[in-house]
Asker: 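This is the structure I want to talk about, given as structure tokens.
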Amino acid sequence: MKHIKVESDVLIIGGGTAGCYAAIRIAEESGLSVVIADKADIRRSGCLAAGVNALNAYITEGHVPEDYVRYAAADAEGIVRHDLLLDLARRVNKVTHDMEKRGLTILKDENGKYVSRGWRNLKINGENIKPILAAEVKKKKNVRVFEHINITDLRYDTAVRGAYGFGLHDDSFYEFKAGAVLIATGGASGIYRPNNPEGAAHQMWYSPFNTGAGYCMGILAGAEMTTFEMRFIALRCKDTIAPTGTLAQGVGAKQVNAQGEIYEDKYGLTTPQRLWGTVSENRSGRGPCYLQTKGIDEKTKNDLYKAYLNMAPLQTLKWIENGGPTTANVEIEGTEPYVVGGHTASGFWVNRDRSTSKEGLFAAGDVAGGAPQKYVTGALAEGEIAAEGIMKFLLQKEADEDEELLNSKAIEKKAEYEKYLSNQNGAYTPDELESAMQKVMDEYAGGIRTDYIYTGAGLEAAGRRIEELTELLPLVRIKDVYDLLKLYEVRERLVVAKVLIAHLEARKETRWHGFQEYAEYPGQKDEFNCYINSILKDGRVQIIKRELVKVED
Ligand SMILES: Cc1cc2nc3c(=O)[nH]c(=O)nc-3n(C[C@H](O)[C@H](O)[C@H](O)COP(=O)(O)OP(=O)(O)OC[C@H]3O[C@@H](n4cnc5c(N)ncnc54)[C@H](O)[C@@H]3O)c2cc1C
């Protein structure tokens with residue numbers, strides 16, 4: 001592999017929502033040189049690839065940021081960082097107005113006021129939100145974008161100084177050197193067996209290409225993680241895995257069982273409760289379950305068709321094929337569990353400036369923990385907060401890197417890629433290893449197969465199997481650099497799975513029905529009114545219990 005070295009003041013790993021916005025803010029506020037490295041083309045990468053039809057975090061008139069903190073904290077049964085939430089809630093409106101100036105269409109009523117859906121959500125025409133962000137980034141003279149580069153590891157001595165990766169189009173080894181690094185690679189999908197089989201396996205809720213790379217890099221470098229056990233499981237339209245919020249909140253469609261009984265009131269309306277209600281109805285023999293859309297008028301139907309074209313076109317196609325939501329209720333199901341810090345509180349343990357426990361490393365967006373319900377505008381806000389943190393950090397940074405150590409680490413990493421690439425006759429394909437991992441997690445660590453419920457003995461088995469599968473990585477057959485990408489994606493998921501299992505085991509209660517359902521410990525316990533954090537040390541996940549952080553101004 002050719003060894004390519006790239007130097008900058010700031011390296012941003014992941015040119016998604018948070019990464020692009022951080023780059024824009026640093027470029028507009030400073031003369032620092034910024035590099036974005038992304039595994040894909042940033043015009044259509046990550047969660048925003050297909051577009052979104054709403055900004056889920058916005059403070060409408062008559063409300064204050066503290067209301068948002070209270071809502072997110074209640075939805076997460078108290079396990080949130082109030083301080084982090086407050087910081088981003090105070091900025092979501094500002095970043096919304098900024099995105100509008102940059103070209104995003106936000107729907108307005110006849111009086112020129114934003115059209116909201118509930119008190120914290122704005123309707124947008126967001127199919128092109130990612131191309132808008134990417135174009136803004138590419139206008140900046142001090143930002144260079146390296147696309148189709150898969151980053152696998154951080155470059156660090158005592159502090160983080162860049163990252164290593166490989167080019168998917170030029171088969172080269174990339175060594176990025178930087179004074180500070182922002183990790184913005186999103187959350188982790190594909191750890192559990194998904195709803196749809198084989199060729200349709202990627203028809204999942206979360207971006208299938210966000211594989212937990214940032215978590216993995218941080219975990220392997222010894223960074224502290226938080227609340228992985230608060231998994232996110234989406235309640236989705238069956239088969240298409242399209243969002244249900246537009247039907248439930250947008251149209252007011254109720255959750256009904258096969259007998260037509262409204263069941264949502266029985267279980268509660270928080271995100272996990274809506275899911276758990278559906279699982280429970282199915283378990284009691286009253287499924288399948290639906291969102292009640294039958295009888296909606298033609299205008300609402302047409303609005304729904306358009307709304308779904310903005311974010312999940314498959315659902316509109318399905319409706320056109322089967323007669324539409326006016327004639328049949330929309331069947332719903334839970335997805336497989338994900339680790340996603342933008343919806344729940346899992347991810348890097350960060351300070352208010354979004355610095356992590358590793359010096360020189362910052363985190364923003366779905367990869368950062370503590371602040372659930374952050375969504376698009378929260379990710380933008382965190383990108384901005386991290387940008388400010390990085391600019392301040394670089395002004396004060398003193399320590400220089402240990403060049404000799406870092407050079408030898410780069411040589412080792414390049415040799416690792418080349419060794420894997422030469423393994424043309426390995427016993428397994430990366431896909432086979434991935435399926436085996438998903439089967440283990442599904443069956444033993446609370447996947448769809450067990451209605452998300454797990455036991456201590458199951459977790460113990462899952463932990464053992466994940467270790468065994470990790471040992472098989474050197475036996476994976478690699479034909480080309482695309483297989484190498486898949487191999488590292490499996491590695492990332494295995495590392496996330498290992499930490500997730502340890503967190504599920506450590507929280508000996510059931511805090512969030514459905515999201516975290518420990519069979520032996522069915523209720524909540526006061527002693528777990530705390531964060532479960534972890535650090536990987538000598539190959540073992542060390543659990544740290546931390547006291548809840550109360551709101552500070
Ligand atoms: C299907 C779906 C619908 C949603 N709908 C809405 C909605 O309507 N409203 C709303 O407000 N929010 C919505 N959200 C949530 C919101 O989109 C996300 O929370 C937010 O975009 C996450 O931003 P991020 O920067 O953390 O991640 P992303 O925007 O996903 O960016 C991650 C980036 O990292 C890159 N990357 C990953 N791994 C690597 C690697 N190893 N090397 C280099 N690059 C890498 C990816 O290619 C990607 O560009 C939705 C999310 C999903 C998945």
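What's counted below: heavy atoms across the whole structure, side chains too, no hydrogens, waters or symmetry copies. Because the structure is a prediction, the values reported are computed rather than measured. All ligand and atom numbering here is 1-based and tracks the order in the structure. By convention here, the first residue in the shown sequence is residue 1.
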Asker: Which atoms from ligand 1 have a heavy atom of Ser45 less than 4.0 Å away?
Answerer: 47 (O), 48 (C), 49 (O)

Asker: Okay, side chain of Asp9, backbone of Gly179: is any donor-acceptor separation there less than 3.5 Å?
Answerer: no

Asker: Numbering the atoms of ligand 1 from 1, which are under 4.0 Å from a heavy atom of Ala37?
Answerer: 43 (C), 44 (N)

Asker: At less than 4.0 angstrom from any non-hydrogen atom of Ala213, what atoms of ligand 1 do you find?
Answerer: 38 (N), 41 (N)

Asker: List every atom of ligand 1 that sits less than 4.0 Å from any heavy atom of Asn150, numbering the atoms from 1 in the order shown and giving each element.
Answerer: 40 (C), 41 (N), 42 (N)

Asker: Whether Lys374 engages the ring of Tyr68 as a cation-pi pair (distance to the six-membered ring centre under 6.0 angstrom, angle to the ring normal within 45°) should be assessed.
Answerer: no

Asker: Using a 4.0 Å cut-off to any heavy atom of Gly365, which atoms of ligand 1 qualify?
Answerer: 26 (O)

Asker: Any heavy atom of Ile149 sitting closer than 4.0 Å to ligand 1?
Answerer: yes

Asker: With heavy atoms of Ala184 as the reference, note each atom of ligand 1 found under 4.0 Å away.
Answerer: 31 (O), 32 (C), 33 (C), 34 (O)

Asker: Show me which atoms of ligand 1 lie under 4.0 Å from any heavy atom of Gly46.
Answerer: 30 (O), 48 (C), 49 (O)

Asker: For Asn210 and ligand 1, answer yes if some heavy atom of the residue is under 4.0 Å from a ligand atom, otherwise no.
Answerer: yes

Asker: Between Phe515 and Tyr452 (judged by ring centroids, cut-off 6.0 Å), do the two rings come close enough to count as a pair?
Answerer: no

Asker: Should Gly15 be listed as contacting ligand 1, given a heavy-atom distance under 4.0 Å as the test?
Answerer: yes

